[in-house]
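One structure is given here, and the rest of the page talks about it.
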Amino acid sequence: MPTDNYTLRLDSDRRRQLQEIADDQDRDMSYIIRKAIDEYIDRHKKSPGSHETGGTPQRQAGTRPAKTE
């Protein structure tokens, strides 16, 4: 499947932790990030209030609300 490139800003601690996971699994960091995103998407597809069920998604504690223009 074709892919697009994106820039991701991470603090050094998160980057270090992702790199450790990648090293432990003998994978590159992009693979780990893609898998994490896949899991996040799957979890939100199944959660009550997700877009698939027609409700309004609930914001998790510690996250910023989406920007509106």
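These numbers come from a predicted model, not from an experiment.
- Put simply, CD on Glu20 and CD1 on Ile32 are 12.0 Å apart, with the number rounded to the nearest 0.5 Å.
- Screening residues 26-35 for salt bridge (Lys or Arg N to Asp or Glu O under 4.0 Å) gives no qualifying pairs among residues at least two apart or on separate chains.
- Tracing side-chain contacts under 4.5 Å through hydrophobic residues (I, L, V, M, F, W, Y), one reaches Ile37 starting from Ile21; they form part of the same cluster.
- A side-chain contact (heavy atoms from CB on, under 4.5 Å) with Ile41 is found for one member of Arg43, Lys45, Glu39, His44 and no other, namely Lys45.
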N/O donor to acceptor pairs below 3.5 angstrom from side-chain atoms of residues 5-14, sequence neighbours left out:
from, atom 1, to, atom 2, distance (Å)
Asp11, OD1, Asp13, N, 3.1
Asp11, OD1, Arg14, N, 2.8
Asp11, OD2, Arg14, NH1, 2.9
Asp13, OD1, Arg16, NH2, 2.4
Asp13, OD2, Gln17, NE2, 2.8

